[in-house]
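Residue numbers run from 1 in the order of the sequence given.
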Amino acid sequence: MLLRDPFTKALHDARRSLLGWTVAIVAVGAMYASFWPTMQTPEMTKALEAYPEGLLEAFNYSDLTSAAGYLGSAVYGLLVPLLVAVFAIAAGARAVAGDEEAGTLDLVLAHPVGRTRLVLLRFAAAAVGIVVVTILLGLAMVVLSGPAQFDGISVGGFAAMTLHLALFGLVFAALAFAVGAATGRRAVALGTGAAVAVLGYLANSVLPRVEGLTWARELSPFHWYLGGSPLVDGVQPVGALLLAGATVALGAVGAATFARRDVAV
């Protein structure tokens, strides 16, 4: 029965990877979040004042004076979204290109469903993994909000941040999925996703500091994800719609390209 359902089978095959990534991302997020009380000590304040402002902003550490600013920078601003992007890119590349490079695509295509529906179901399985990781991270932040003194952040703020992080991950999964479906090469899908992630980060944090390049921020998935302080101000419609729209467009392109491509099995 499991072999007849490509969605369930994809989830089953990725269960160990999903567990490992979930534990790693939640642990990293919880560890950095738990440091917030120590950030309020006079010694830490003086240490941060010694860093150049431009250097802190380059690492998305724009506000470390409030709980929302600290979490938005230390947890949701740098390491966690990069880990989510890596996980998402790997999952998206594996959806089609992983099987094609491994020589098992013929078994995948043997499912009694059309090509387009099959690859979309496999991408949906990758998307479920991303949503699970981000929701569990959000729940961990809510649990820590009392002991770690996250004053000024509501459950709704964490929910909005979780939604933005999930949409952010889905964009990179869809990009890797589209490239992998078009080329059949997992390495190309991974490389493209990684390149876009790095360029997107630079476009959001470094390039705007160069005269004449402030417009680059508007093209960055990091800006769509972080812009407008979702932790404090809730879901940012423009950013969320851009992330969701890019995911749908890339997923559709990947499915359509794979359906027309001559696949050697």
Side-chain angles (χ1 to χ4, degrees), residues 1-22 84-135 163 165-197 199-200 219 221 224-225 240-265:
M1 185 66 181
L2 189 63
L3 294 175
R4 292 180 175 272
D5 182 355
F7 174 77
T8 306
K9 186 178 186 304
L11 285 176
H12 181 266
D13 292 343
R15 65 192 185 282
R16 292 185 180 88
S17 172
L18 176 59
L19 176 61
W21 277 104
T22 300
V84 169
V86 171
F87 167 57
I89 291 167
R94 185 174 59 243
V96 175
D99 288 307
E100 191 164 355
E101 283 198 349
T104 58
L105 188 60
D106 54 340
L107 298 177
V108 176
L109 294 176
H111 287 87
V113 294
R115 273 195 185 191
T116 300
R117 182 166 179 265
L118 185 144
V119 296
L120 287 177
L121 285 173
R122 289 176 68 83
F123 175 70
V128 167
I130 294 167
V131 171
V132 167
V133 169
T134 54
I135 287 178
L163 174 63
L165 182 59
L167 291 172
F168 173 81
L170 289 174
V171 166
F172 286 99
L175 173 62
F177 165 76
V179 175
T183 65
R185 298 179 61 186
R186 186 167 177 265
V188 175
L190 292 173
T192 302
V196 172
L199 290 174
L219 303 178
W224 305 344
Y225 153 63
L241 287 174
L242 285 171
L243 291 169
T247 298
V248 172
L250 288 168
V253 168
T257 303
F258 181 75
R260 294 194 302 268
R261 186 163 64 87
D262 182 19
V263 181
V265 294

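- Remark: R115 qualifies as a cation-pi partner of F258 under the 6.0 Å distance and 45° angle criteria applied to the six-membered ring.
- Expressed to the nearest 0.5 Å, how far OG1 of T247 lies from CZ of F168 amounts to 11.0 Å.
- Counting non-hydrogen atoms of other residues, nucleotides and ligands closer than 6.0 Å to CZ of R117 gives a total of 12 or fewer.
- Within the 4.5 Å cutoff, no side-chain heavy atoms of I130 are placed close to those of F172.
- Two residues are said to be in side-chain contact when any heavy atoms from C-beta on lie closer than 4.5 Å; V171 and Y225 fail this criterion.
- Considering all non-hydrogen atoms of both residues, V119 and T116 come closest at CG2-O, 3.3 Å.
- The minimum heavy-atom distance linking A127 with L170 is given by the pair CB-CD2, 3.4 Å.
- In this structure, A246 and W224 approach most closely via the heavy-atom pair CB-CZ3, 4.3 Å.
- Put simply, the side chain of T257 never gets that close to the backbone of G254: no donor and acceptor are under 3.5 Å apart.
- Here the straight-line distance linking atom CZ of R185 with atom OG1 of T192 works out to 10.0 Å at 0.5 Å rounding.
- Between L190 and A93, the shortest heavy-atom distance links the atoms CD2-CB, 3.8 Å.
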F87 vs L18, test: side chain to side chain contact (heavy atoms under 4.5 Å, CB included). Steps then yes/no. CA-CA 9 Å; F87 167 57; L18 176 59; 3.9 Å; yes
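- Nearest heavy-atom pair across G180 and V96 is O-CG1, 4.4 Å.
- Taking CG of D13 as the start and OG1 of T8 as the end, the distance is 10.5 Å to the nearest 0.5 Å.
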Chi angles and distances behind the side chain to side chain contact (heavy atoms under 4.5 Å, CB included) call for L175, V196: CA-CA 9 Å; L175 173 62; V196 172; 3.5 Å; yes
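- A side-chain donor-acceptor contact under 3.5 Å links R122 to the backbone of A95.
- When side chains are defined from C-beta on, L165 counts as touching V84, because their heavy atoms get closer than 4.5 Å.
- Minimum heavy-atom separation, A255 to L120: CB-CD2, 3.7 Å.
- R15 CZ to T22 OG1: the interatomic distance, rounded to the nearest 0.5 Å, is 14.0 Å.
- Separation of atoms CG (L11) and CG (L121) is listed at 10.0 Å; rounding is to 0.5 Å.
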